[in-house]
Structures are given as structure tokens and as C-alpha cells.
Amino acid sequence: LLVARTPHEVGDGLVAAVQDTFAASATLVSADDERSAGDGAQRVPLPHGGSPPQVLLVRWPAGHAASPEERQLLDAFANQAALALQRTRAEQHRSRAALEAETERLRNTLLSGISHDFRTPLTTIIGSAASLLEQHDALDAPRRNELLRHIVDEAGRLHQSMSDLLDLTRMEEQAVRLRCEWCPADELVQEARARLGERLQPRRLRVSTPPEAIVWCDPRLVQQALVNLLDNALRHTPGDAAIEVRVELGAGEWRLVVGDDGPGLPAAVARDPFKKFAHGRGESASSGTGLGLAICAAVARLHQGRIEAA
């Protein structure tokens, strides 16, 4: 009973103790179920065992009548089980309260992050649209095109933020089902490079994959994680910095490594770079969603893996 963590474990421990001590069969039921299960059994109620009340039903071997000492010991068992039930229920209430508090904290963090990351693009969109409406005839064509480009760019940033947020939420709620298959490692890297397109062309990118390496994964999610890691490296390193992508095969696992020779992790995020809405050194909300690395961590967890940064 000391190690029981749930009412079910308490019931199992109590029933096992009665059977071992008295060589009698026993069942722990709620008072509501006692009528259908209690025919011919001795009834031992658990004091303050919870709601509904719990009753221990003991069936003695044929011809055996419980002695006063046995009845007293049964009552002691019932008292100990009732105390254990109270403890386990209290622990469950505390766990639920802690979970609700953590959920509320995460919700507040999420709302704070959304409002922070959405405010800048929304302000730009509203300001550009207002300028076009109010000063359309006074603006020359290049200025109008510039304002329209601002609107398109910031709307795209909002769309990306919402997509990242929805993807991360689905992953954390385990609403994403892995579709794993054997994938050539070099093809995973090539697909990610293609998605970044022109942004990677002027950069020095070194790719190292074992010849004919085949890895087991969900290719869509792994490519998304690799794109996020490469995007992070592009935004946080100077134009002449080299970026490296490696696939390493180990015993029972494989590793995807993205490295660069940029300035490294800033102290502000080094302790938990995979936290939602974390921004790097000198990075404003307009330069990223703050969700890219959090999505990478979620992809690793979905694959029963881990992610590290240094």
C-alpha cells in the first residue's frame, strides 16, 4: 500500500494481502456494486474510503467461520487501505491541479507570444494599406509597389506563423501520425535544400552523408525539421559563414546534424533554445516566428528521439 499510486493498485494490494493472509478470496467493490457481487460474502466496509464508499467482500473456504481475531485483522486491513485510497486520491487531485496550472501557464505564454509576434506584421499591413487608401494619388508607382510588397511580405509572415503554430499544436497534442518509411538520406537533404531555394545559393554549404545511407523516418516531418534548422542557421550567421549538414549512422539510431561557424548560441537562449517563441541575439519578432526550433524538438520526440544544441 505504501507504493500504490492509484486506487486500482490499492485494491490489488488489499485483495492480495487478504488472500495471502487468510487463504480466502476477496474483492474490493464500490457500495453501488455490492448488491450484485456480495452474495455469500463477508462485508468489510472501508472507513472514509471515498465516494462512492468502498466495500471489501471476503469469501471464506467452505465450513470456515471467521474468528474474532480474523475479523479484527480484516478491519485493520480495511483501515490501512482506506488511508491509502485517501492518499492516492489526494495525489491525483494535486497532479490534476498542477497540470491545470501548467496548462494555464502555457496558454498564457502562447497568447503572449502570439500577440507579440503578430503585432509587428499587423501594424505594417495596416499602415501600408492606410497609406495606399489615403495617399494613393499622391504616391508614385515605385512607392505604391513598395507598400504593396510590404503587405504581401507581412501577410506571408503571418501565414507562416499560423502554420507553425498549428503544426506545433498538433504535434504536442499527438494529433500527428507518423508515416515512416525507409528514406535515402541524401534525398532528404536535397529536398530540404530545394525548399530553401535561392536563399542557400550564395552560402557555403557542406553536405556529408554516408554512401547509400537509408534511414527510417517520416520524410515530410524530418524535411520540415531540417528546413527549420537550415533557416535558423541562415538567419543567425553572417553571409560568409559556412553551414554543414551531416547524417551519421550509429548503433540502432541515426543522427541529423546541422552546424555552422557563426557566433554560436546567445546566453539568453542557450539554456533552452527549443522553447516556444524564443528569439536569438538581436532578433526581432519580425525576423522569425520563434517556433522553428520548438517544431524540430517536437519532430524528434515524435520519432522517439532527442534533440540537442551547443
Side-chain angles (χ1 to χ4, degrees), residues 103 106 109-110 113-114 117 156-200 203 205-237 243-260 265 269 272-280 283 287-310:
T103 300
L106 289 175
T109 301
L110 190 63
I114 289 174
D117 280 7
R157 187 169 290 116
L158 276 177
H159 180 268
Q160 186 62 50
S161 296
M162 284 302 303
S163 297
D164 288 347
L165 185 59
L166 291 173
D167 287 343
L168 183 59
T169 301
R170 292 176 65 237
M171 290 179 192
E172 291 186 336
E173 293 180 352
Q174 298 182 341
V176 175
R177 298 184 62 182
L178 289 181
R179 292 179 171 84
C180 290
E181 57 186 75
W182 290 107
C183 305
D186 56 349
E187 289 186 9
L188 289 174
V189 177
Q190 291 303 323
E191 289 290 338
R193 293 179 66 176
R195 287 173 59 179
L196 287 168
E198 296 179 355
R199 292 184 60 198
L200 273 176
R203 303 298 292 269
L205 179 66
R206 298 191 297 265
V207 177
S208 174
T209 60
E212 301 181 357
I214 306 294
V215 297
W216 180 255
C217 67
D218 183 320
R220 180 182 63 86
L221 293 180
V222 169
Q223 287 170 15
Q224 182 178 6
L226 180 53
V227 168
N228 288 358
L229 291 170
L230 287 171
D231 173 74
N232 198 66
L234 288 170
R235 286 188 289 108
H236 293 286
T237 58
I243 299 173
E244 181 181 20
V245 178
R246 299 196 312 274
V247 174
E248 302 172 349
L249 303 182
E253 67 177 17
W254 67 281
R255 292 178 294 277
L256 175 63
V257 183
V258 176
D260 60 64
L265 289 174
V269 299
D272 189 6
F274 307 105
K275 184 174 62 174
K276 301 183 189 72
F277 304 110
H279 289 283
E283 184 183 27
S287 61
T289 66
L291 295 173
L293 292 183
I295 290 175
C296 295
V299 171
R301 288 194 298 270
L302 283 171
H303 284 81
Q304 305 300 313
R306 62 189 185 277
I307 190 167
E308 300 168 352

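Using modelled atom types, one side-chain atom of His303 and one backbone atom of Asp218 make a donor-acceptor pair closer than 3.5 Å.
Nearest approach of Trp216 to Trp254, heavy atoms of both residues: O-NE1, 3.4 Å. Residues Gln224 and Arg195 share a closest heavy-atom pair of N-NH1, 3.8 Å. The minimum heavy-atom distance between Leu249 and Arg255, with the atom names listed, is O-NH2, 4.3 Å. In this structure, Arg203 and Ala233 approach most closely via the heavy-atom pair NH2-O, 4.4 Å. Ile214 approaches Pro184 most closely through the heavy-atom pair CD1-CA, 3.8 Å. The two atoms that bring Leu226 and Leu188 nearest to each other are CD2-O, 4.1 Å, heavy atoms only.
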Yes or no on side chain to side chain contact (heavy atoms under 4.5 Å, CB included) for Val247 and Val207, after CA distance, side-chain angles and deciding distance? CA-CA 8 Å; Val247 174; Val207 177; over 6 Å; no
Could you walk me through whether Glu191 and Arg220 pass side chain to side chain contact (heavy atoms under 4.5 Å, CB included), step by step? CA-CA 10 Å; Glu191 289 290 338; Arg220 180 182 63 86; over 6 Å; no
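Remark: Ala309 engages Leu265, Pro273, Phe274 in a side-chain contact (heavy atoms from CB on, under 4.5 Å) (not counting sequence neighbours). For Leu229, the side-chain contact (heavy atoms from CB on, under 4.5 Å) partners are Val258, Leu293, Cys296, not counting sequence neighbours.
Using a 4.0 Å cut-off between a side-chain N of Lys or Arg and a carboxylate O of Asp or Glu, Glu253 and Arg306 qualify as a salt bridge.
Checking Thr209, Val222, Leu230 one by one against Val189, the side chain to side chain contact (heavy atoms under 4.5 Å, CB included) holds for a single residue, Thr209.
Using a 4.5 Å cut-off on side-chain heavy atoms (C-beta onward), Arg199 and Arg235 make contact.
Atom CG in Leu221 sits 8.5 Å away from atom SG in Cys180 (nearest 0.5 Å).
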